[in-house]
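Okay, structure first, notes after.
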Amino acid sequence: MDKQVFADRRARLLGAMGSGIAVIPTAPERVRNRDSHYPYRHDSYFYYLSGFPEPEACIVLVAGDTPRALLFCREKDAEKEVWDGFRHGPDAAREAFGFDDAFPVGSLDDKLVELIAGQPALHYSMGHDAAWDGRIVAALNRVRAGVRNGARAPAEIRDVRIALDEMRLVKDAQEIADMRRAADISAAAHRRAMRTAAPGRFEYEIEAELMHEFRRCGAQAPAYPPIVAGGANACILHYVGNSQSLRDGDLLLIDAGCEADSYAADITRTFPVNGKFSPAQRDVYELVLAAQRAAIAGIAPGKAWDAAHEAALRVLAQGMLDLKLLSGSLDGVLESGAYRRFYMHRTGHWLGMDVHDAGDYKLDGAWRPLQAGMTLTVEPGCYIRAADDVPRALWNIGVRIEDNALVTGGGCEILTDAAPKSIGDIEALMAQRG
Ligand code: GLY
Ligand code: MN
Ligand code: MN
């Protein structure tokens with residue numbers, strides 16, 4: 001880890017703030033029951049600016065002529081380190097993570113009062129965490145209580161996420177390297193799933209294969225709960241039960257990606273449990289693949305965020321007419337939104353430290369133009385539930401194909417190409433099963 005990368009990000013935020021003070025805490029630990037905790041995951045904004053992995057920590061940035069970056073963290077504690085492991089302590093943390101100064105987190109409340117007093121603006125994510133909001137309001141009120149002694153509380157409270165979201169939206173070289181790694185590990189996990197799926201196996205067994213590959217390759221966790229959905233389950237968008245057995249003749253939809261070094265991948269592949277697409281499955285699959293190709297062609301610098309979605313929609317809607325899922329004209333179906341019965345989500349989202357990553361999708365009411373360095377998913381789908389007015393051969397076919405794209409100078413690069421996607425490649429890989 002290069003501490004200069006994080007110092008540069010703090011310097012950029014300080015520049016964007018112009019004046020005032022920013023307070024950026026990390027995530028709290030959460031008790032699951034008694035003395036068991038949920039797995040700890042740092043706050044993405046905090047980590048983006050520090051690379052510091054410990055809980056109970058907070059960054060304070062003071063803008064101005066001599067900008068300062070301060071870290072508050074846990075003190076060394078020999079007894080606690082026996083139970084819970086290493087803690088840097090402020091001195092080592094300042095050095096290792098490149099802060100101007102570092103203090104015990106126990107001193108934060110008093111220090112905040114000193115640091116906030118006289119600042120024109122407080123940059124903070126009000127409303128994100130009630131406990132931190134309480135601490136910040138208490139510090140502001142203590143400053144206000146000192147007005148007769150000449151203290152002055154900030155006139156403005158600004159949401160620090162606005163500047164940080166813009167920064168996080170365009171990935172730097174370190175982030176792109178991290179995202180490539182998450183994408184590579186996740187693609188390997190999908191290949192493993194294709195090699196191990198078979199009639200009679202359970203969805204959770206395939207989930208276990210994905211998790212095995214994630215952890216084997218050093219990813220810390222899944223980036224979101226994996227969806228391993230056989231047959232009709234593929235038509236439940238957020239199916240995470242993963243409890244059913246896989247049936248010969250069904251498709252299997254897997255939406256799974258790992259988090260590696262704080263960056264997410266988000267891949268969906270759909271393939272036949274028995275290794276061979278039926279003609280009806282092939283029709284729907286090729287339609288979704290064509291929609292994805294059209295969407296990918298719509299991802300380039302200067303193109304609007306929505307271009308990929310609009311392109312995918314046209315292909316999907318025409319396909320739904322051709323497959324007799326819908327009737328009428330293409331423009332009519334697009335206008336009425338009738339396609340939503342079979343395609344009810346959007347074609348992508350920003351991707352980064354969070355699977356649905358930070359960043360606005362519109363600027364001044366218009367879809368924002370893409371820019372080199374942005375990373376997004378491209379994930380059209382078609383979900384056909386059983387119904388009397390739907391051709392019988394198409395019942396319970398749910399297909400989504402999801403890749404991760406990096407906007408480049410001339411278009412985009414698909415980071416997740418190592419997960420097989422064409423019918424030929426999928427069937428060839430599955431034919432190698434023992
Ligand atoms: N896996 C979450 C999504 O595709 O948006
Ligand atoms: Mn996604
Ligand atoms: Mn997904």
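Because the structure is a prediction, the values reported are computed rather than measured. Both ligands and their constituent atoms are indexed starting at 1 by order of listing.
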For this session: Show which atoms of ligand 1 fall inside a sub-4.0 Å distance from at least one heavy-atom site of His349.
Result: 3 (C), 4 (O), 5 (O)

Exercise. Between Leu13 and Val160, is any pair of side-chain heavy atoms under 4.5 Å apart?
Worked result: yes

Seminar exercise, completed: With sequence neighbours left out, the residues meeting salt bridge (charged side-chain N to carboxylate O under 4.0 Å, His left out) with Arg201 are Glu205, Glu209

Exercise. Numbering the atoms of ligand 1 from 1, which are under 4.0 Å from a heavy atom of His356?
Worked result: 2 (C), 3 (C), 5 (O)

For this session: Determine whether Pro28 and Asp129 make a side-chain contact, defined as any pair of heavy atoms from C-beta on separated by less than 4.5 Å.
Result: yes

Seminar exercise, completed: among protein heavy atoms, the one nearest atom 3 (C) of ligand 1 is Asp266 OD2, 3.3 Å

For this session: Give the atoms of ligand 1, by number and element, whose distance to some non-hydrogen atom of Glu402 is under 4.0 Å.
Result: 4 (O)

Seminar exercise, completed: Ignoring waters, protein N/O/S atoms under 2.8 Å from the Mn ion (ligand 2) are Asp266 OD2, His349 NE2, Glu379 OE2, Glu402 OE2

Exercise. Can you pull the side chain to side chain donor-acceptor pair (under 3.5 Å) pairs that have at least one residue in residues 10-33, sequence neighbours excluded?
Worked result: Thr26-Tyr40

Problem set entry | Cation-aromatic face contact Arg282/Tyr285, 6.0 Å, 45 degrees | no

Sequence neighbours left out, cut at 3.5 Å: what donor-acceptor pairs do the side chains of residues 308-321 make with other protein atoms?
unit_1 : atom_1 : unit_2 : atom_2 : d
His309 : ND1    : Thr347 : N      : 3.3
His309 : ND1    : Thr347 : OG1    : 2.7
Gln318 : NE2    : Asp322 : OD1    : 3.0

Exercise. Centre of Tyr48's six-membered ring, under 6.0 Å away, within 45 degrees of the axis: is that where NZ or CZ of Arg9 sits?
Worked result: yes

Exercise. Between Phe52 and Phe97, does the ring centroid distance fall short of 6.0 Å?
Worked result: yes

